[in-house]
Amino acid sequence: QVQLVESGGGLVQAGGSLRLSCAASGRTFSDYAMAWFRQAPGKEREFVATVTWDGTITQYKNSVKGRFTISRDNAKNTVYLQMNSLKPEDTAVYHCARSGDYRSWWGITLQSKYNSWGQGTQVTVSS
């Protein structure tokens, strides 16, 4: 059973930066894609960014391309989301998630591919 714990959220002004971290427990962290999703009040959860099991491929939601960077450190069982040039519309609870597909490169932007979820960390961007 995988446990994921996010941290690093907070309140920042538009144009500022935050770095989110997601620490995973359990074995075989390095064999699965990891992703970040977010959910704003009254809205559906949406995909933000993902990285393959070996860290070679990343994908992003169009509105965060060029501003957000996902990375992973398999030795530390941790995935990160560096968020720069933050905008008020980035305000949401950010969740990390682990794919249920062993060493898969495909479909990793799809919420249905993930079977382990963290509790979330709040990101608030003021104007």
Mind checking what makes salt bridge (charged side-chain N to carboxylate O under 4.0 Å, His left out) contact with R45, not counting sequence neighbours? none
Straight-line distance of S126 OG to K87 NZ, nearest 0.5 Å: 15.5 Å
What's the spacing between F29 CZ and Y32 OH if we round to 0.5 Å? 12.5 Å
Y80: what forms a ring pair (Phe, Tyr, Trp, His ring centres under 6.0 Å) with it, not counting sequence neighbours? none
Mind checking salt bridge (charged side-chain N to carboxylate O under 4.0 Å, His left out) for E46 and listing every partner two or more places apart, or none if nothing turns up? R38, K61
Return yes if a side-chain donor-acceptor contact under 3.5 Å exists between T78 and D73, otherwise no. no
What are the two closest heavy atoms between L81 and A49, and how far apart are they? CD1-CB, 4.1 Å
Using a strict cut-off of less than 4.0 Å between a Lys/Arg side-chain nitrogen and an Asp/Glu carboxylate oxygen, indicate whether D90 and R67 qualify as a salt bridge. yes
T91 versus E89, side-chain donor and acceptor atoms under 3.5 Å: no
Looking only at non-hydrogen atoms, find the nearest pair between A97 and L4 and report the distance. CA-CD1, 3.7 Å
What one should report as the nearest heavy-atom pair of G118 and H95 is O-ND1, 3.2 Å
May I ask whether L110 and W106 are part of the same hydrophobic cluster, defined by side-chain heavy atoms of I, L, V, M, F, W, Y residues being less than 4.5 angstrom apart, directly or through others? no
Aromatic contact between W36 and F47, with the criterion being ring centroids under 6.0 Å apart: yes or no? no
Aromatic rings Y94 and F68: how do their planes relate, parallel, tilted or perpendicular, breaks at 30° and 60°? tilted
Which one of L11, N84, L86 satisfies the side chain to side chain contact (heavy atoms under 4.5 Å, CB included) criterion with L18? L86
Step by step, would you call L20 with T121 a side-chain contact (heavy atoms from CB on, under 4.5 Å)? CA-CA 8 Å; L20 306 184; T121 185; 4.0 Å; yes
S99 side chain to A33 main-chain N or O, any donor-acceptor pair under 3.5 Å? no
Rounded to the nearest 0.5 Å, how far does CE of M83 lie from CD1 of I70? 11.5 Å
Could you go through W53 and Y102, starting from their C-alpha distance and side-chain angles, then the distance that decides it, and tell me whether this counts as ring pair (Phe, Tyr, Trp, His ring centres under 6.0 Å)? CA-CA 8 Å; W53 65 273; Y102 179 79; 7.7 Å; no
Would the distance check show the side chain of S104 and the main-chain N or O of D101 forming a donor-acceptor pair, the cut-off being under 3.5 Å? no
CD1 on I108 to CD1 on I57, rounded to 0.5 Å: 6.5 Å
Applying side-chain contact (heavy atoms from CB on, under 4.5 Å), run through Q13 and V125 and close with a yes or a no. CA-CA 5 Å; Q13 294 184 343; V125 185; over 6 Å; no
Starting at CD of Q82, measure out to OG of S17 and round the result to the nearest 0.5 Å. 6.0 Å
With a 3.5 Å distance limit and no angle check, can you tell me whether S25 reaches the backbone of Q3 through a side-chain donor-acceptor pair? yes
Could you state the interatomic distance from OG1 (T52) to CH2 (W105), rounded to the nearest 0.5 Å? 7.0 Å
If Ile, Leu, Val, Met, Phe, Trp and Tyr residues are connected whenever their side-chain heavy atoms lie under 4.5 Å apart, and connections chain through other members, are W117 and V79 in the same group? no
Nearest heavy-atom approach of S127 to A14 is CA-CB, 4.5 Å
So if you build clusters from Ile, Leu, Val, Met, Phe, Trp, Tyr with side-chain heavy-atom gaps below 4.5 Å, do V93 and F37 land together? no
Do T56 and V51 have side-chain heavy atoms sitting under 4.5 Å apart? no
Residue pair Y60 / T50, side-chain heavy-atom distance below 4.5 Å: no
Treating E6 as the side-chain partner and G120 as the backbone partner, does any N or O pair qualify as donor plus acceptor under 3.5 Å? yes
Would the distance check show the side chain of Q39 and the main-chain N or O of A92 forming a donor-acceptor pair, the cut-off being under 3.5 Å? no
